[in-house]
Each structure stands twice: as structure tokens, then as C-alpha cells.
Amino acid sequence: MSGLAHVDAERRGDLCVLHIRGEVDISNARDLAIEIEAAILNGTPRIAIDLAETTYLDSAGVQLLFLLADRLKVRRHELRLIVPEGSPIRAVLELTNLPKIVPMEPQLDEVP
Amino acid sequence: MSGSGAAKPNLVALALKAVLVAGAYYVAARLGLRVALIERNVTPLWPPTGIAVVAFLLLGRGVWPGVAVAALLVNLPITPSPWAAVATAAGNTLAPFVAAELLRRVDFRIEIDRLRDAVAIVSAALFGMLISATVGAWTLQLSDVISSERFASAWAVWWTGDTMGVLVVAPFLMSLLLLRPKGRASWSRAAEATALFAALAVVSVVVMRSHHSLLFLVLPLLGWAAWRFQLRGVAPAALLAAGVATWAAAHGWGPFAGGTLSGKMLTLQAFNATVAFTSLVFAALVAERMRAREALVRSARELEERVRQRTAQLRQRSRQLDEAQQVARIGSWEWLIEEDRVSWSDEMYRIYGHTPQEFPVNFEKAVEQVLPQDLERIRRNVTDALSSARDQALPATEYRIVRPDGTERVLLGKSRLHVAEDGRPFRLVGTVQDITEEKQAEREHRIAETLQRSLLPEHLPEIPGVAVAARYVPATKYVEVGGDWYDVILLPNGRLGVAIGDVAGHGLRAASTMGQLRMALRAYATVEESPAMVVERLGRLSLTLGVSEMATLVYLVFDPDSCFVTFANAGHPPPLLIPESGPAAYLEEGLSPPMGAGSDVEGAEATVQLVPGSTLFLFTDGLIERRDRSLRDGMSELRRAASPAGPDLEEFCDYLLSSLVEGEVADDIAILAFRPVPLGGRPLHFRIPAEPRALAPLRHSLRRWLREIGAGPEETHEILVAIGEACANAIQHPYGAKDGVIDLDLATEGGVADVTVRDGGNWRSISPPGGGHGLLLMRGMMDSVEVKSEAGGTAVRMRRRLRGEVAGERAGTR
């Protein structure tokens, strides 16, 4: 059982970790984008989007991530995604070639 | 023994009567003989015959021996031989007997108050006395008392004497009998009678003493007696006059001083006959006339009395009618068409806002207060009816009037046209009922009902894997609608929120309170997962809203995936859990007080699991409430009736309504039943609204279906993404989904999941700004994707063979 996603922000030094927990679809992608932007405004050079607890992600979510990557690139933020091995959403991300634009790592620990 | 015993007193009585009659006869005879004109036994006035006739009439035929013996005793001394006396006595007995018999034959009345009675007694006397006169005269001649030359005169004297005896004496005796019942005469009557008789006595004596023939002077006095006293006055008067005249003749006074015996006899008998005949006839005529007048007066009085009673009756009826009209607020009217005169009942004036009979009415006056838009209709109806020229009821018309004080009333008019025989319409009659309050109540009822209906879900959301049925039954009595309601809410997390509630009271207030609660519950249900919290917040809201009505509610959240039900109950009848087999049970936990009770409600909740096949049933108290049954008995009856629920929930609801509710529905009823149903193994059809928020619940249902058909976690996610993309495409297209719905058909065949997503719009290329990954994902996730654009919309068919593989495997092979 899972509900629609919400964002929890966590600060680890100069790293901002955004945990996206729940489902992402067209009904909440825009709201999530705003939430994420709001969390980033607090200002940290490095950002990790943690999708370990994201239970559903469709093209609206993928689009959200693409747009986010564009915007952060302009603002010289460093962005990476955390997607564990065996995560159900991994296939979606790989199919859309998102990992080629945003580095994708299996767990948070590996983020330097 | 008894016969002779009974006969004896009669015989004695008869003998006594006979003796009495004999005595009277004898005395009268002795008196009569004192005025004998021929020898000693022919008298011009023979009173005993009158006595005998009256005796025969009144005492019966049986008294004849008395008459016979008395007659014999009278005649024995005055006849030369005993046999002559016997013969004479026989004649004297037979004559009155025959006269009496004749009178009896013609139904004679001793009152002699009819002309026919007067004629009868005169005729009977004249005829009957032929016998005594003939027998007597012959006897006298045969016994040589008189010569044959004197036979005729003797016969004539005898006959007239006997006849006068009857005509003068019999009525007198009869009048004496009549005095008895009417004895209480007034003083003026007594004085008048005294004066009359005094005058008569004086006149009679003076006349008899005078040498001039002034006999006729007696007649006016007899007329007076007849006119004023009828038989009771005229009979004694006649007796007096005849007696005086006879006495005068016997003694040779005044008019009888000279002349022959036959001359005297002629004068006397003519006088006596005139007196007797005139008196009797005149008295009878006057009596007859008076009786007729009395009858007329009596009938007039009766008529008067009847008219008085009838008038009183009519007045009472009319008062009752007026009262009835006031109670029913129905006025009645009549329009006499040719005279253009309208009569209104009192209530008509009151309905139109006037005092009863305040002014005269004609047609124009009658319709003066009608609103113009309604008047046109009335005029048209009347004109149509008048031109058709036949008896008919006019169409009932509802119309509005304005009273003098400016208030508007709604009236219902019914009328009927009466047409004369020549086809001329002459009369229109009708009633008018003031239905303002009824219309108002009807309007409010309709608004409240419409409001309530609009607040109940038009159709329940279709939730795959959950069967839901609900009913709302308004009270049948013409009472205001209640505040019963139910709702089924598809929650964003794919769960199902189910609510049933009852707002105390009826009418618009209850309906609007219920609407507020329902909306608030919808809002809270989407943000609060816990039913207890939802109830608590509702309670707090109703406090701040100032909802004064008590409201009860059961709110529960059902997870179709786990089949767990979490419920909170704010003072409502508990939900009934009905297992597939075995007894049903009420869920009596999760209780908190009703809302609107005035204090802050602390919500409580409890959780049960609905095992497959079991049903949860929610209801309002209207279902179990009945005057002849306690609430607890009603709940027991419901528990018995509800088990088992059967396969079809719609039928189940109908069955419960029909078996628990009899006849009139006193209070409105809301019921709702739901149960989880398995998804896998058979083709499924979902219909969802083409809105983004519908996707999460859909995924929830699809996850369950996919699990049931054996898809692994990664396969499940990938198929979900493919279906989600197909749906999102329909949702995002401005002209995508027709009717705002998306249809999904799911099936499995030979280990292949087969999904078709249909909308009513046209497929478009998937290239929204920032990346059109939809179709790419669909193709990537599924074995095959076919897009078919049809006239009715676009269908996307996708298939994928299921392996139940571990996560990541498929992505790796790409």
C-alpha cells in the first residue's frame, strides 16, 4: 500500500538529500517539482534525489527529473539520483536514458 | 261456566238499561199525553219516540223490551181494550226501532254536525213514524174510538206528533250528551246562552199569547242558537219553542184560539216542522262550516310550524356549511349568467380578504383581484364552456389573487356549467379552495427533496474489486424529507471511504445540514487517513458551524487490497457484518457520541478484516424503526433477515427493504452494502474519470489484479507504468476523453496480460514539451502496443507475457 509521493529534505553538510517517498504521476508531478525547488532554495551545491522509496514513477516523473536537471545545471548545482538495484522504477529511468544525463547510483553511501 | 258468568253482568246491565229506558219513556209519555188533541191518546208532540230512538241508537237494540213494556203501560189505561193497547204499543216500539236502524245504516252521527246527518234524522223520523201512526190510527178506528171520517186527521196528528217527538226530543237528548265533554264554557258563552234562552222563552210566550200570527218571530232566535251554539244550543231551543207552541195549541192560546182542530193541527205541525228542520239543518251547516274552518286553521298552523322547523333546519345547515367552508377554507359561488349576478358564500369573501357579504358581486367584480396572467386563462375557460352550450365541468384552475392588504394567495377553482333546456347557459357554480399553505409546503418539500437527492451520490463510483449497492427511500407520508444520507468516496490512496449518516429533524434545515456534513466529510476524508480523526474534525466543525441538529454517522475506510475496514461510529446504529455463512454480527466498537451534542467529540475507531464472501451493511434507523417494535427488536430482526446476504448486493438491498419495511415509510431510509470481490481469473472492466487524481486509485486496483494473476513486483510496476501512460495520454489531451471517462479492459489468456485502454477522443502524437516518453515507455514495458483510432475514440491495446521474474531481470535483457 502506498500513497502519492511527498518530499522529505535532509541536509548532510554541503549535500542536500531529497527523499521522494511514494508514487509520482501526472496528478502530483508539478506539486513535487515546486516542493523540490523550495527545498533547494535553502542552498547547497550538491543535491541527491533519493528514489529508493519511490514506489511508482511514470513519464511525468521522468519529465520532472529532466526539467530539474536542466534547471540545476544552469544554476551550477551538482545532481545525482539514488536508485537501488532491483528498484521497480529503474527500468523506466533506463528506458528514457535519464542516467546518461544525471548520474545514477544505487545507494546514498556511494555519494562522495 | 265462564260463558254464562260473563254473560250475566251483560244481561243485568241490559235489564237495568231497559228499566231506565222504560221509566224515561213512561214519564215522557205522561207529559206528552197532557197535550193530547184527539181523545186522550193522540198528541201533536210525542216525546217518548225521541227517547226510544236515542235509546236504540246509544244503548243498542236489546232495550226494546223496556220500550215495549213502557208503551204498553202508557196505552193500557187510555185504550178501550188490552189488545188495542198491545197493538199500539207494538207500533210505538217498532217505529223508533226502524228509525234507529235506518240511521245506523247511513252512519249517523249524534253530533248532527253534517248536513247528511240532519237530512238522515228527518228522513228516518218521517219514514219510521209511518208505522206507529198507521198502527195507532187503525187501532183507534177498529176499537171504535174514532169514526172512519176522522181516521185521516187522527193518522196525520199521530204521524206528525211522533215525528216531532223524534225531531225535537232526540236532538235535545243528543245535545245533552254532547254538553259533557265541552262543559267548560267561558263566562261570556254562558251569559250569551242564558240571554238567548231567556229571549227565546219570552218571545215564545209573547208570541203564543198574541192574537196576531207572529210565530215566525221565533226563527231568528233559533238562527242565533244554531249559529252560535250549533246542536248544543239549537236542540234545547227547538224543544223549548216546539214545547211552548204545542202547549199553546193544546190550551187554545193566541194563534190557536179559534179555528178547527185540523187548522190548529196544521199551524202547529207546520211551525214545529219548520223549527225542527230549520234548526237541525242550520246547525249542521254551521258545524260543517266551522269544522272546515278549523281544519283550515289547523292545517295552516301545521304548515306554519313546518315552515318554522324547516327554516330553523335550513339556518342550521347553512351555518354548518359556512363552518365547514371555514375549516376547509373552501368558498362556494354561483353566477347567474343572464343577470350577471354572482353570489359568494361567506368564506369566499374571507378568502378574498373581505368581511362576509360586504358588497354585491358580478363577474367582473369576482375576477377583479385575480392576477392578470391567470385571469386570461380563466376567461378563456369560461368563454370556451359558454360557447359549447352543454352541461360540463370546467377544467380545475389554479390561480393567484391579491388581497386588499397586498398579500398573494393561491387558489384552486373548480366549477360546473348548467345549461337550460334550450341550450342557453344560465348558471355557473363552483368552489374555490385556498391552497396557499399547501403550495408553500409542497414547494418546500420539493426543494428539500431535490436538495437531498442532489446531495446523495448520483451513482456510486465503480471500484474494481468492490461491489457496492445503496438505496435511499424517502418517507411516503406527505412529510418533509429527512436528513438521511450516504456517500462513497474514492480516496487518493486507492482506498474506499464509506459514510452513512442521519441528521435529526426534517425539511430544508436537515437537508442543508446534511449537505454541509457530507461536503466536510469529503474534504476531511481526502486528508485524514484515520476515520476517528475524520469524525473528530467533523464534530469540531459542526460545533463551529453552530449546527444545532443532532447528527449521527458511521464513517469507515476500506482497503480493497488488504480487506481491512477501519470504522468510527458517532452515535449511529452499528454496521452489520454478514459472513458468507453463519450468523451476522453488529460491529459495536469505535463508538463516540453523536455530533451536535454540544461538546467536543473525541473520535474512536476499530478495525476488522472482511474475509472473502463477507458483506458489510450500513443503515439508518428508518429501516428498523417501527411504532410496534423496539429499536433492539428491529436490530435483531435485521440481523436475522440479513443472513445470508446472497450473491447479488442489489437484490440483497431490495430484499431487506421489502422484508423490513411494511406499508408506509414513516421515516426516510438509507442503506448501503459492500463487499470485496476477487478480480483475477476473469475479464475485468474498469471505468475511471479522465482525471489525474483517478490514476492512483486505479493503480491500487490494478496492483491487486496483477498480484492475483501472478505478476512479479517488477512486471507489476512496468505494466502499471504502461497503463498509466495510456491513461495519462487520454487525460492530457484537451479533446481526449469523451464524456470524461476512460474504459479499461483487462484479461489474461495463456499467461499473457491483455490490456485495452479506450477513450472517446483521437490519439495524438506524444510529444509534450520536455520529453515525450509516454509511448516510448509503453513500448518498452509491453510486448506489443497497438494504437487504433476509431470513430468513437482511440483504443490502445497492450500485451505482455507474464513470467513472474525477479526485479531487474527484464530491464537487464534490453
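Labels below follow one simple rule: chain letters A, B, ... track the order of the sequence lines, proteins then strands, and each chain is numbered from 1. What you see below is based on every heavy atom in this structure, not just the backbone, and it leaves out hydrogens, waters and symmetry mates.
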Checklist entry - Considering only heavy atoms, which portion of A:Ile89 lies under 4.5 Å from any heavy atom of chain B: side chain, backbone, both, or neither? => result both

Checklist entry - Among all residues two or more places apart in sequence or in another chain, which pass the ring-ring contact (aromatic ring centres under 6.0 Å, His included) test with B:Phe558? => result B:Phe674

Item to check | Winner by heavy-atom pair count (cut-off under 4.5 Å) against chain A, out of B:Arg693, B:Glu529, B:Arg699 | outcome: B:Arg699

Next on the checklist: Within the structure provided, determine whether A:Val92 and B:His773 are in side-chain contact (heavy-atom separation under 4.5 Å).
Outcome noted: no

Checklist entry - What's the shortest heavy-atom distance between A:Leu95 and B:Gly780, and which atoms? => result CD1-CA, 3.7 Å

Item to check | More than 12 heavy atoms of other groups within 6.0 Å of B:Arg522 CZ | outcome: yes

Checklist entry - Between A:Ala60 and B:Glu725, what is the shortest heavy-atom contact and its length? => result N-OE2, 4.5 Å

Checklist entry - If we only count heavy atoms from C-beta on, is the B:Leu695 to A:Ser27 side-chain gap below 4.5 Å? => result no

Item to check | Distance-minimising heavy-atom pair for B:Ala696 and A:Asp25 | outcome: N-OD2, 4.1 Å

Checklist entry - What heavy-atom pair brings B:His717 and A:Thr55 nearest, and what distance separates the two atoms? => result CD2-O, 3.4 Å

Checklist outcome for this item: Test side-chain contact (heavy atoms from CB on, under 4.5 Å), reference A:Ser59, set B:Leu777, B:Val721, B:Leu775, B:Leu776, output is B:Leu777

